Amino acid sequence: MPEKFITDLHIHSKFSRATAKNLDLEHIYMAAMIKGVSVVGTGDFTYPAWIAEIEEKLEPAEPGFFKLKHELKKRLDKEVPKTCHNKVRFILQTEISSIYKKNDRVRKNHNLIFFPEIEIVKKFNSILDKIGNIRSDGRPILGLDAENLLELMLSVDDRGIFIPAHIWTPWFSMFGSKSGFDTIEECFGSLSKHIFAVETGLSSDLPMNFRVQNLDNLSLISNSDAHSPRFIGRNASIFNTDFSYFGIREALIKKDITKYLGTIDMYPELGKYHYDGHRNCNVCFNPVQTLEFDGICPECSKPLTLGVLNRVQKLADRPEGFIPENRHGYQSIVPLADILSEIFKVGPNTKKVNANFNKAIEQIGPELEILLNKSIKEIEKAKIPLLAKAIEKMRQGEITISPGFDGEFGKVKIFKSENLSLFGTKKTAKKKEKQSKTISTMPTFTKAISKPDQKQQVQEKGLNKEQKKIVLTERLPLIVEAGPGTGKTRTLTEKIAHLITEKKVEPGSILALTFTNKAANEMKQRISKMILCKKSKTLSVSTATFHSFCLMILKEFTSFDFAIADNDTRGGLIKNACTSKKIKPADADLIIQKEKQNLQTFKNHGNKTIQNIWQKYESLLLANNLVDFEDLILMTVKLLQKNNDLLLKLQKRFIHIFIDEYQDINKAQYVLIKLIAGNGTNLMVIGDPDQSIYGFRGSDNKYFKQFTDDFPDSKKIILNKNYRSTQTILDASFQLIASQDVTNSKKKIFSDITGQKEKIIIVETASEKAEAVAVGKMIEELIGGTSFLSIDALNVKTAKEYSFADFAILFRTKKQALVFEEIFEKANIPFQSPNKEKTKAQNKDKNQSELWNHEQDFLEFEAEKISLMSIHASKGLEFPVVFVVGCEETFIPFSKNGKTIDNIEEEKRLFYVAMTRAKDILCLTHAKKRMIFGKTCAREKSNFLSSIEENLKQYQNSDFKKKIKNIIAKQLELF
DNA sequence: TGCCCCACCGTTTTT
DNA sequence: CGGTGGGGCA
């Protein structure tokens, strides 16, 4: 049997940011009754503690609905006036904030998700838990594409309900002016058909939505988005269907106007974002006025925050007042507290208003009943002066509203309309000035305007002159010095493709060597992509790491059947071999590995202790049929030195040899290359000696530098056109690296990127914690806020096209990541870090049996995250915004005991690598003091910073108090 | 063998 | 501060 009931399907719990502490199930229950709402969302079901509370206090009721357990209900019912008693049900609901990049623009939207069962919610949560952080806030922020979120929901249970939330609000919504889409299809692609309802939000009513054809096939619902109990039901929806989750779902899908009756909305003008304007400039415009001012604020000359009305007009394809056929209805209300507030001329959240509110509901009934249904006579019974009259006027629409704008709620007047100009500049008192000033001390960013089609241009025009030369050079040993961002790998793959497609070289005769599996795979992919484009046969180019290449040779040409000892195994064997206490196994391990990288054997090792351990270690390896990683190369070299026939055979097979990151080779690898490449005809190596940062594992860029001596008839080509960074970043990084080698000015690379120059930002903070906070705030500002709260607090006025994946935080030691993790966790900023990945891997191991495998079947989505990584790990990567943190002596350059620096040139190169990861914005931070090994240490700014000339740097002090003082002082000067 | 306490020491990371 | 490992004791 269908029945009529009122729903509020979007609220939050006390676990969401900026919500009331009493937003628990008890208060939600009582508030729903008082308001006259029968079905209320639980909010925040992604939050583990909240789900625990739900399980503890609720039990299943009608299908997909939940009710308070009996004892609790009995207790609470006593506290609610009898006139308001009614059944209240809960529906499992959450809101998820997505911030991500799609079609080259940053998108931010909020979406509501509903499920009928707690077990399904838990399943959904466990998957989300792996994608992002659901534990720090009731409304999680995920870098997950809304389309993927929908896909995920459907894959967990297709009886779920997915509703884009408050679709018109400027900052965080599907149609938002700041970072939304123009159509549902643009946002949800082929999954759009699974969107059957949208939430209109506080600042829009149905007639506004009716003007947009794109919404015609959807049910339009309204909810309160309450952050405290008293706001529950301020917006709501009315159903006349089966009293169950599935009744609601079906009514929304079928758009049957006898089953879904429509919305109860506050007048949209009361919403925070109805008109356009600037709150802090006291400018409030209607869309026409905004147009007159070209969308620019006359006070501060920055773009105005465009409100909902403006955005609706942009997307509207129908005139104002258009009502499509077969549409459900709507009713407009002014909250009872606001009416009482006007009657008694006190704030809506005051004792007086509360007392009279209670009086009204005790005498008459729930709020929505009073506002919509009760007769004027009944209302008069409450004996509240003017109330009946006010409600009568309200029902007839005889009210005046000064519209909300830029985060400020609108204001309603029922009895008098003076001083309420609907148009024009507001004259309200300046509030929150201090807060806005605080924020304005943050660095202001202007995005470097790189030509958007930069990359495409390169592709269209093909390669630049030098790159072309590289591709066309034949039958000569070739060394390419390629600075950061100069298109190194692209040129390499182009050359290989050229050989195959143009020169008809047999792909099997090409060998491309790299150092990591990741690099090898990437190269393989890029080559095959390119070749397939040019319609060639299947790819059989050998792309390999040095180690996998050697393994292949050993397996193919020796009969020695062995396994490879991984790190743990090797460590174990070394430990067993370490009978002497004079040396720690870890140190012995390092020494032995390094010796092997230099093609040494234990036989002629000088140190007796090491020699002993090493010999024992070798016999242990042999006894277990094991070889270590370095043996792979060592043994191959030995094999080829002994067996000339085999060497000739391999030389015949691999005619064209390419080596990427040549600056990273060690002696064993060098000897191997010289063997295989013979006289070097058709050998090409590419790399950047300034990015040699793996000395500690045997790499030596001397091999790069001596290439022209090794192969006297070789050719050297330098790539110095950079397609990654701004000239400022390149200038600064060159000044750093050139301080080691001024003679080679040829090496200087030049940016191909034109546009605004952003200086290198240098930030000094009081402590490591302050450093993390400062970085977090800068990121929030560049993203344009991650939550409503930060929007209100940060006074962000311009949309910046950055999303989480655009940021990297680089540090010298992994320990530095911890404080960033802690702060970002609290701030609900999604991040990935070496520590986090490690725990993830450990958990994976732990869960390997029953559960994990099962879950792995689910779709895996990559959510956008900020990257926290060591500078070493960042090599080869690029990010629009890079923070190099801890730019302090003993970190950069690193020194173990605070005095001796192992290899200052390599430290410089390391910093060079860090700086050149940045595309648009480079920020170098340092703390005045920090905790190191449990002790607070005074810290000195890295001397490397002083090799960057002053006019490339912009200093930013994160000491806000000082800034505020300055501002106040300046203001006083004016008088 | 197992457990507890104290001393010690502290980069970067791939195969 | 926090993990590890050796030494001492049960």
Side-chain angles (χ1 to χ4, degrees), chain A residues 513-521 544-554 562-571 575 578-587 589-590 592-594 596-597 626-636 660-661 663-666 668-669 672 691-699 768-769 810-819 822 834-835 837-838 868-876 884 886 888-914 930-937:
Chain A
L513 287 177
T514 61
F515 288 84
T516 65
N517 283 318
K518 197 177 146 203
N521 289 333
T545 64
F546 276 92
H547 292 88
S548 66
F549 175 68
C550 289
L551 177 65
M552 190 263 295
I553 293 175
L554 292 172
F562 58 84
I564 301 166
D566 61 19
N567 280 340
D568 289 346
T569 315
R570 194 186 68 237
K575 210 172 159 187
C578 243
T579 40
S580 161
K581 281 170 199 167
K582 278 185 207 159
I583 190 152
K584 280 183 296 179
D587 292 337
D589 188 19
L590 274 176
I592 293 168
Q593 295 298 311
K594 210 157 183 178
K596 288 191 174 192
Q597 286 161 350
L626 291 172
V627 302
D628 62 29
F629 286 118
E630 297 313 328
D631 280 335
L632 293 173
I633 295 170
L634 188 99
M635 288 163 72
T636 306
D660 199 5
E661 308 278 10
Q663 77 282 357
D664 280 336
I665 62 163
N666 61 35
Q669 290 156 341
L672 178 75
Q691 292 185 68
S692 168
I693 55 172
Y694 285 109
F696 65 89
R697 61 178 202 223
S699 303
E768 74 272 27
K769 206 165 184 170
L810 308 182
F811 36 77
R812 182 63 230 267
T813 67
K814 277 190 279 191
K815 259 189 192 157
Q816 288 167 259
L818 286 171
V819 62
E822 190 191 310
N835 301 324
E837 304 309 309
K838 211 169 131 191
L868 301 182
M869 61 171 78
S870 69
I871 299 174
H872 281 92
S874 76
K875 196 171 142 216
V884 187
E888 297 146 27
E889 287 292 302
T890 83
F891 274 170
I892 296 176
F894 185 84
S895 75
K896 207 170 171 175
N897 52 18
K899 274 184 192 153
T900 53
I901 298 163
D902 233 27
N903 181 348
I904 190 152
E905 295 308 328
E906 179 149 325
E907 292 298 320
K908 214 176 260 179
R909 291 194 293 268
L910 195 55
F911 195 45
Y912 177 73
V913 167
R930 75 169 67 227
M931 281 274 255
I932 294 177
F933 306 140
K935 273 195 191 118
T936 306
C937 306

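Labels below follow one simple rule: chain letters A, B, ... track the order of the sequence lines, proteins then strands, and each chain is numbered from 1. The structure displayed is predicted, hence computed values, not measured ones.
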Trainee: Closest approach to the side chain of Ser870(A), judged atom by atom: which nucleotide of dT12(B), dC1(C), dT15(B) is it?
Mentor: dT12(B)

Trainee: So, Asp902(A) and Lys896(A), do they make that salt bridge, N to O below 4.0 Å?
Mentor: no

Trainee: For Asn567(A), answer base if it contacts any base atom (sugar-phosphate contacts may also be present), sugar-phosphate if it contacts only those atoms, and nothing otherwise; contact means non-hydrogen atoms under 4.0 Å.
Mentor: base

Trainee: If only side-chain N and O atoms of Lys584(A) are considered, is one of them under 4.0 Å from the OP1 or OP2 phosphate oxygen of dT4(C)?
Mentor: no

Trainee: Where the side chain of Asp902(A) is concerned, which of dT11(B), dT13(B), dC1(C) is the nearest nucleotide?
Mentor: dT11(B)

Trainee: Decide yes or no on side-chain contact (heavy atoms from CB on, under 4.5 Å) for Leu554(A) and Val627(A), but give the supporting numbers first.
Mentor: CA-CA 11 Å; Leu554(A) 292 172; Val627(A) 302; over 6 Å; no

Trainee: Dump the intermediate steps for side-chain contact (heavy atoms from CB on, under 4.5 Å) on Thr514(A) and Glu661(A), then the final yes or no.
Mentor: CA-CA 7 Å; Thr514(A) 61; Glu661(A) 308 278 10; over 6 Å; no

Trainee: Closest to the Phe696(A) side chain: dT14(B), dT12(B), dC1(C)?
Mentor: dT12(B)

Trainee: Among the nucleotides dG10(B), dT15(B), dT13(B), which one has an atom lying closest to any side-chain atom of Ala873(A)?
Mentor: dT13(B)

Trainee: Please work out if Lys815(A) contacts a base, only the sugar-phosphate, or nothing of the nucleic acid, heavy-atom cut-off 4.0 Å.
Mentor: base

Trainee: Over all heavy atoms of both residues, which pair between Asn666(A) and Gln597(A) is shortest? Give the atoms and the distance, please.
Mentor: ND2-CG, 3.6 Å

Trainee: Using a cut-off of less than 4.0 Å, is there contact between a side-chain N or O of Asn517(A) and OP1 or OP2 of dT14(B)?
Mentor: no

Trainee: Which label fits Phe515(A) and Phe546(A): parallel for a plane angle under 30°, tilted from 30 to 60°, or perpendicular past 60°?
Mentor: tilted

Trainee: From C-beta outward on Tyr694(A), which listed nucleotide comes closest to its side chain: dT13(B), dT15(B), dT12(B)?
Mentor: dT13(B)

Trainee: Under 4.0 Å, heavy atoms only, any strand: does Asp566(A) hit a base, just the sugar-phosphate, or nothing?
Mentor: nothing

Trainee: When you measure only distances, ignoring hydrogens and angles, does the side chain of Arg812(A) come within 3.5 Å of the base of dT11(B) through a donor and an acceptor?
Mentor: yes

Trainee: How many whole angstroms separate atom CZ of Phe811(A) from atom C1' of dG10(B)?
Mentor: 17 Å

Trainee: Side-chain N or O of Lys896(A) versus OP1/OP2 of dG10(B): is the shortest distance under 4.0 Å?
Mentor: yes

Trainee: Can you tell which of dT12(B), dT15(B), dT11(B) lies closest to the side chain of Phe894(A)?
Mentor: dT11(B)

Trainee: Can you tell me the distance, in whole Å, between the NZ atom of Lys814(A) and the P atom of dG10(B)?
Mentor: 16 Å

